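Working notes, structure below.
Order of the sequence lines fixes the chain letters, A, B, ..., with proteins taken first and strands second; residue numbering starts at 1 for each chain. Both backbone and side-chain heavy atoms feed into the values below; hydrogens, waters and symmetry mates do not. Everything numeric in this text was worked out from a predicted model, so none of it was measured.
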There are 2 protein chains.
Amino acid sequence: MNTTKPKQERSRLSKNKILESAIEIFAQKGPAGTRVDEIEAKAGVNKQRIYAYFGSKDNLYRQVLLKVYAQATENEKLLKLSEKNIPEMTKTIINSFFEFHQQNPLFWRLLAWENLNGGKSLSDDDWKTIESNYIEHLRELYKTGQEKGLFDKKILFSTYLISIFAITFFYYSNQLTISNLLSLDMEKTDFQSRFINEVQRLFVRATQ
Amino acid sequence: MNTTKPKQERSRLSKNKILESAIEIFAQKGPAGTRVDEIEAKAGVNKQRIYAYFGSKDNLYRQVLLKVYAQATENEKLLKLSEKNIPEMTKTIINSFFEFHQQNPLFWRLLAWENLNGGKSLSDDDWKTIESNYIEHLRELYKTGQEKGLFDKKILFSTYLISIFAITFFYYSNQLTISNLLSLDMEKTDFQSRFINEVQRLFVRATQ
DNA sequence: GGAAAAAACAACTAAATATTTGCATTTTAT
DNA sequence: ATAAAATGCAAATATTTAGTTGTTTTTTCC
């Protein structure tokens with residue numbers, strides 16, 4: 001694999017096209033199901049380029065995860081929240097997560113593949129480079145909220161956050177099976193917005 | 001593939017050993033990652049038997065899903081709930097789901113693979129054979145609870161149930177990535193029992 | 001315009017893997 | 001005990017697929 005700095009802008013573009021195509025295909029088919037030839041076709045480059053820039057299919061997958069995780073751990077809107085927003089912060093978080101999944105429909109898939117893979121695709125060092133900008137900020141706000149009596153003191157921040165993660169993630173990740181099981185259409189925006197509202201209501205009442 | 005009734009009990013046993021082994025390996029590696037040779041080795045039968053009894057790897061996977069889904073949609077404890085149990089039913093459901101995942105650690109994996117696969121492994125007819133015994137029962141109880149003023153009338157049963165499904169499923173399915181992200185050990189029974197308690201508290205307060 | 005870099009083309013290698021086949025052996029039901 | 005059924009054994013086939021290689025063409029930048 002070529003690790004030296006590229007001398008031409010063009011190579012950066014090709015590398016990027018490969019990575020973008022890889023994100024889509026890995027998300028769709030998973031690491032085991034993905035064919036390098038398919039990435040080649042989608043990226044419109046020669047297979048040789050993939051090996052020149054990424055070395056192996058495994059490393060390409062790793063780069064895909066690093067890129068997508070990095071995107072997911074940024075969140076302008078949540079970072080902007082301040083003490084005065086504590087009363088409505090639960091609603092804001094829930095909205096923000098639903099919105100994120102809507103705008104990044106591949107995210108839950110990549111995360112799901114990775115959990116199934118036992119997380120072996122990323123090293124400990126890789127994980128260290130993935131640091132969430134917003135989580136510690138929310139933790140502080142939650143703590144302040146608890147001190148002010150706005151949040152239930154008996155519910156840990158981690159319980160609170162994991163639960164919201166869970167519901168927003170699951171709504172997309174298990175839509176197919178749940179729709180079948182409960183005979184309803186979770187894709188409908190009607191259903192979805194009602195669901196979001198009720199989840200907000202549920203959490204607001206539960207934690208205050 | 002041989003579809004006629006077996007003439008000897010032995011064949012039923014072999015078929016079962018294959019299916020049980022297949023459940024574990026498909027859950028672990030997923031449909032694309034599973035090797036027929038590995039099932040052969042684990043079941044301790046000849047590969048020929050797999051093709052004789054199941055025809056193809058794809059159909060074997062289908063049979064795995066049908067069996068596991070059928071197991072999951074039975075729940076004695078929840079079916080036994082009656083009107084007088086409505087006040088504590090939320091706690092019972094949450095406990096029951098956590099317990100199920102603990103006792104069936106492969107379940108979330110098979111479900112996750114299947115959602116990622118777009119559910120294409122099962123036909124509509126297959127889905128018709130999978131009917132949940134307990135869901136309609138819970139729906140009735142929830143409705144009665146709402147009428148009696150024990151549950152929030154503004155929260156749909158589907159929202160309530162999906163949310164509980166979500167949290168219990170996610171706790172296991174995303175344990176790895178969340179533990180890394182929030183720097184905590186979700187496998188510890190201490191953490192887990194505290195989490196369960198707080199989720200119960202959260203839902204009880206939220207819905208009543 | 002020309003050298004260096006980037007990329008395409010196209011065929012190839014090597015390994016993995018689903019599926020098949022023919023035959024020998026063991027087990028079971030009657 | 002014996003024929004039928006079930007299974008084991010072992011090799012073969014055919015396909016898929018990650019990764020490679022040598023050569024030619026195109027693009028970029030000075």
Side-chain angles (χ1 to χ4, degrees), chain A residues 1-65 113 116-117 120-121, chain B residues 1-65 113 116-117 120-121:
Chain A
M1 176 168 72
N2 180 17
T3 52
T4 60
K5 281 255 167 66
K7 304 268 167 73
Q8 286 183 23
E9 178 69 1
R10 206 163 41 123
S11 74
R12 210 186 50 78
L13 291 173
S14 298
K15 195 173 172 182
N16 234 286
K17 259 197 308 186
I18 294 169
L19 193 58
E20 290 302 323
S21 307
I23 288 176
E24 283 196 43
I25 296 175
F26 274 117
Q28 214 55 52
K29 311 269 178 95
T34 290
R35 304 293 149 234
V36 177
D37 287 16
E38 203 177 341
I39 297 175
E40 172 190 39
K42 178 146 203 150
V45 302
N46 190 268
K47 190 157 51 155
Q48 195 194 31
R49 293 296 96 201
I50 297 175
Y51 288 95
Y53 292 137
F54 294 95
S56 68
K57 182 186 166 184
D58 280 354
N59 186 53
L60 177 55
Y61 179 57
R62 181 171 149 263
Q63 299 297 339
V64 162
L65 289 182
W113 292 119
L116 285 166
N117 266 326
K120 63 168 188 270
S121 311
Chain B
M1 176 169 73
N2 180 17
T3 52
T4 59
K5 279 257 168 64
K7 304 268 166 73
Q8 287 183 23
E9 178 70 1
R10 205 162 43 121
S11 74
R12 210 186 51 79
L13 291 173
S14 298
K15 195 173 172 180
N16 234 285
K17 259 198 307 187
I18 294 169
L19 193 58
E20 290 302 324
S21 307
I23 287 176
E24 283 197 41
I25 296 176
F26 274 117
Q28 215 53 53
K29 312 272 178 94
T34 289
R35 304 291 151 235
V36 177
D37 287 16
E38 204 176 340
I39 297 174
E40 171 190 39
K42 179 147 203 148
V45 302
N46 190 269
K47 194 157 43 156
Q48 194 193 32
R49 292 296 98 199
I50 298 175
Y51 288 95
Y53 293 137
F54 295 95
S56 68
K57 182 186 166 185
D58 279 354
N59 185 54
L60 176 54
Y61 179 57
R62 182 172 149 262
Q63 298 298 338
V64 162
L65 290 182
W113 292 120
L116 285 166
N117 267 326
K120 62 168 190 270
S121 310

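The CG atom of B:Asn59 sits 15 Å away from the P atom of C:dA18 (whole-angstrom rounding). Rounded to a whole Å, the CG atom of A:Leu60 is 13 Å from the C1' atom of D:dG19. When rounded to the nearest whole Å, the span between CD1 of A:Ile25 and P of D:dT17 equals 13 Å. Nucleotide D:dT20 holds its P atom 13 Å from the CD1 atom of A:Ile50, rounded to whole Å. Atom C1' of nucleotide C:dA10 and atom CG of A:Asp37 are separated by 13 Å, given to the nearest angstrom. Summarising the geometry, the separation between NZ on A:Lys17 and P on C:dA8 is reported as 7 Å, rounded to the nearest angstrom. The interatomic distance linking A:Lys29 (NZ) with D:dT16 (P) rounds to 14 Å, in whole Å. For A:Tyr51 and C:dC9, the OH to P distance is 18 Å, given to the nearest whole Å.
Heavy atoms only, all atoms of each residue included: B:Trp113 and B:Lys29 are closest at CZ2-C, 3.4 Å.
Between the side chain of A:Lys57 and the base of D:dG19, no donor-acceptor pair of N or O atoms lies under 3.5 Å. Under 3.5 Å, the side chain of B:Gln48 and the base of C:dG22 form at least one donor-acceptor pair of N or O atoms.
Nucleic acid contact for B:Gly33: none, since no nucleic acid atom lies under 4.0 Å from a heavy atom of the residue.
The shortest side-chain heavy-atom distance between B:Phe26 and B:Leu60 falls under the 4.5 Å cut-off. Contact check for A:Tyr61 versus A:Asn117: side-chain heavy atoms found under the 4.5 Å cut-off.
Which of C:dA8, D:dT27, C:dT19 sits closest to the side chain of A:Arg49 comes down to C:dA8. When each of C:dA8, D:dA6, C:dA18 is scored by its nearest atom to the side-chain atoms of A:Asn46, the top-ranked nucleotide is C:dA8. When distances are taken from the side chain of A:Lys47 to each of D:dG19, C:dA6, C:dA18, the shortest belongs to D:dG19. Of all nucleotides listed (C:dA18, C:dA6, D:dG8), C:dA6 comes nearest to the side chain of A:Ser11.
Between A:Arg35 and D:dT16 there is no side-chain polar atom (N or O) within less than 4.0 angstrom of OP1 or OP2.
Residues B:Asn59 and B:Arg62 have side chains that bring a donor and an acceptor to within less than 3.5 angstrom of each other.
Using modelled atom types, one side-chain atom of A:Lys57 and one backbone atom of A:Pro31 make a donor-acceptor pair closer than 3.5 Å.
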